[in-house]
Number of protein chains: 2
Amino acid sequence: MKNKIKKAHCAVDYAFQRIGGKYKGRILWILRDGFLRYGELKRAVVGITPKMLTQTLKELEADELIFRKVYLEVPPKVEYSLTDTGKELIPFISLMRTWGEKQMSSD
Amino acid sequence: MKNKIKKAHCAVDYAFQRIGGKYKGRILWILRDGFLRYGELKRAVVGITPKMLTQTLKELEADELIFRKVYLEVPPKVEYSLTDTGKELIPFISLMRTWGEKQMSSD
DNA sequence: CTGGATCCTGAACGATACTG
DNA sequence: CAGTATCGTTCAGGATCCAG
């Protein structure tokens, strides 16, 4: 682990700290099948500010959930994708979505 | 839904708001098989203060993820358990745990 | 025993402008 | 295009004491 996990009392606690936060779940889900550039992510994650996007991407990268590939071109190009560890989370985020959709429709 | 969900951009977002927070995952997991009293929960969720325990339990109850049963006795007795909706989350929290344990051991 | 009431701090998040 | 920098705000969470 690269990020500072404050103090996990158990595995559930630990996991939530790594994918908690306002945007991490959404970003991981958006990246589930493919490579996206910074600008594409910015459009996909509606409402996020550049600061939060950068910050969140850095944390996810430090946690080794996403991979950041820089192309040395002009204009600059950077692509983000899931690491294997990140991909392991997709089934579970998928479960979350299913549950969330069901709940939302029953309000 | 009874609780105030600020604004969910998608189902993932929505789900995270409902089981996010510092203790919700742990509490749901602890309640996975059985009824626990307030004091038992307080001991089980190491480090939680009475205020946070009460607050979290109220949110979970308002979200209909847990059920609160009051026994009219002296001294007071209150038992908490999962609702059906709450139980639906257990498989997924279980996935989280598995993933979290694997990650923790590979640091 | 099961909480409620208060006060407070820090971290997360947001708005806006700027840069290589 | 892909970010930084700076400043401001909000709110979850914590400490402590009190109550039915």
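As the structure is a computational prediction, the values presented were derived from the model and not from experiment. Scope of the values below: all heavy atoms of this structure, side chains included, with no hydrogens, waters or symmetry mates. So you know, we letter chains A, B, ... as the sequences are listed, proteins then strands, and number each from 1.
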inquiry  = In this structure, how many angstroms lie between the P atom of C/dG3 and the CD atom of B/Glu73, rounded?
reply    = 13 Å
query = Quick one: do A/Arg18 and A/Glu59 make a salt bridge, cutoff under 4.0 Å?
reply = no
message = If the threshold is 4.0 Å, N to carboxylate O, is there a salt bridge linking A/Glu88 and B/Lys102?
response = yes
task = Please report how far the helix from C/dC1-D/dG20 to C/dG20-D/dC1 bends, comparing the axis fitted to its first five pairs with the axis fitted to its last five, to the nearest 10 degrees.
result = 60°
message = Let me spell it out: for each of A/Thr54 and A/Pro76, pick the nucleotide of DNA chain D with the closest heavy atom. Which residue's pick is nearer the 5' end?
response = A/Pro76
message = Counting only side-chain nitrogens and oxygens, does B/Lys58 get under 4.0 Å of the OP1 or OP2 atom of C/dT2?
response = no
key: Any pair counted as salt bridge (Lys or Arg N to Asp or Glu O under 4.0 Å), so long as it reaches residues 27-50 of chain B, sequence neighbours left out   = none
ask   = Between D/dG14 atom P and B/Leu53 atom CG, what is the distance in whole Å?
value = 12 Å
task = Pick base, sugar-phosphate or nothing for A/Tyr71, based on heavy-atom distances below 4.0 Å to the nucleic acid.
result = nothing
key: Worked check of side-chain contact (heavy atoms from CB on, under 4.5 Å) between A/Leu60 and A/Leu28   = CA-CA 9 Å; A/Leu60 289 172; A/Leu28 292 172; 4.3 Å; yes
message = Quick one about B/Glu79 and B/Tyr71 (side-chain donor to acceptor, distance below 3.5 Å, no hydrogens or angles considered), yes or no?
response = yes
ask   = What is the distance, rounded to the nearest whole Å, between atom CD of B/Glu59 and atom P of D/dG13?
value = 8 Å
ask   = A/Lys77 NZ to D/dG3 C1': how many Å, rounded?
value = 17 Å
request  = Could you tell me how the ring of A/Phe92 sits relative to the ring of B/Phe92: parallel (under 30°), tilted (30 to 60°) or perpendicular (over 60°)?
outcome  = parallel
note = note: B/Met52, atom CE; D/dC11, atom P; distance rounded to Å ~ 15 Å
inquiry  = Measuring from the side chain of A/Tyr80 (C-beta onward, heavy atoms only), which nucleotide among C/dG14, D/dG3, D/dA15 has the closest atom?
reply    = D/dG3
task = First locate atom CG of B/Asp63, then atom CD of B/Gln17, and finally report the distance between them rounded to the nearest 0.5 Å.
result = 10.0 Å
inquiry  = Quick check for you: among D/dG14, C/dG3, C/dG14, whose closest atom lies nearest to any side-chain atom of B/Tyr23?
reply    = D/dG14
message = Of the listed nucleotides (D/dG13, D/dG3, D/dC7), which one gets closest to any side-chain atom of A/Lys51?
response = D/dC7
key: Between C1' of C/dG3 and CD of B/Glu79, the distance in whole Å   = 16 Å
message = With heavy-atom distances below 4.5 Å as the criterion, would you say the side chains of B/Gln103 and A/Thr85 are in contact?
response = yes
request  = Calculate the interatomic distance between B/Gln55 atom CD and D/dA15 atom P; express it in whole Å.
outcome  = 14 Å
task = Just compare D/dA2, D/dG14, D/dT4 and give me whichever is closest to any side-chain atom of A/Pro50.
result = D/dT4
ask   = Is the side chain of B/Ser81 donor-acceptor paired with the backbone N or O of B/Gly34 at a distance under 3.5 Å, no angle test?
value = no
request  = For the side chain of A/Thr49, starting at C-beta, report the closest nucleotide among D/dA2, C/dA15, D/dG14.
outcome  = C/dA15
task = Find the distance A/Leu60:CG to D/dG3:P and express it as a whole number of Å.
result = 13 Å
remark   = Sorted by number, residues from residues 33-48 of chain B placing a heavy atom under 4.0 Å from DNA chain D are none
task = Take B/Leu36 and B/Tyr80 through the side-chain contact (heavy atoms from CB on, under 4.5 Å) test and state the conclusion after the steps.
result = CA-CA 5 Å; B/Leu36 284 184; B/Tyr80 295 90; 5.6 Å; no
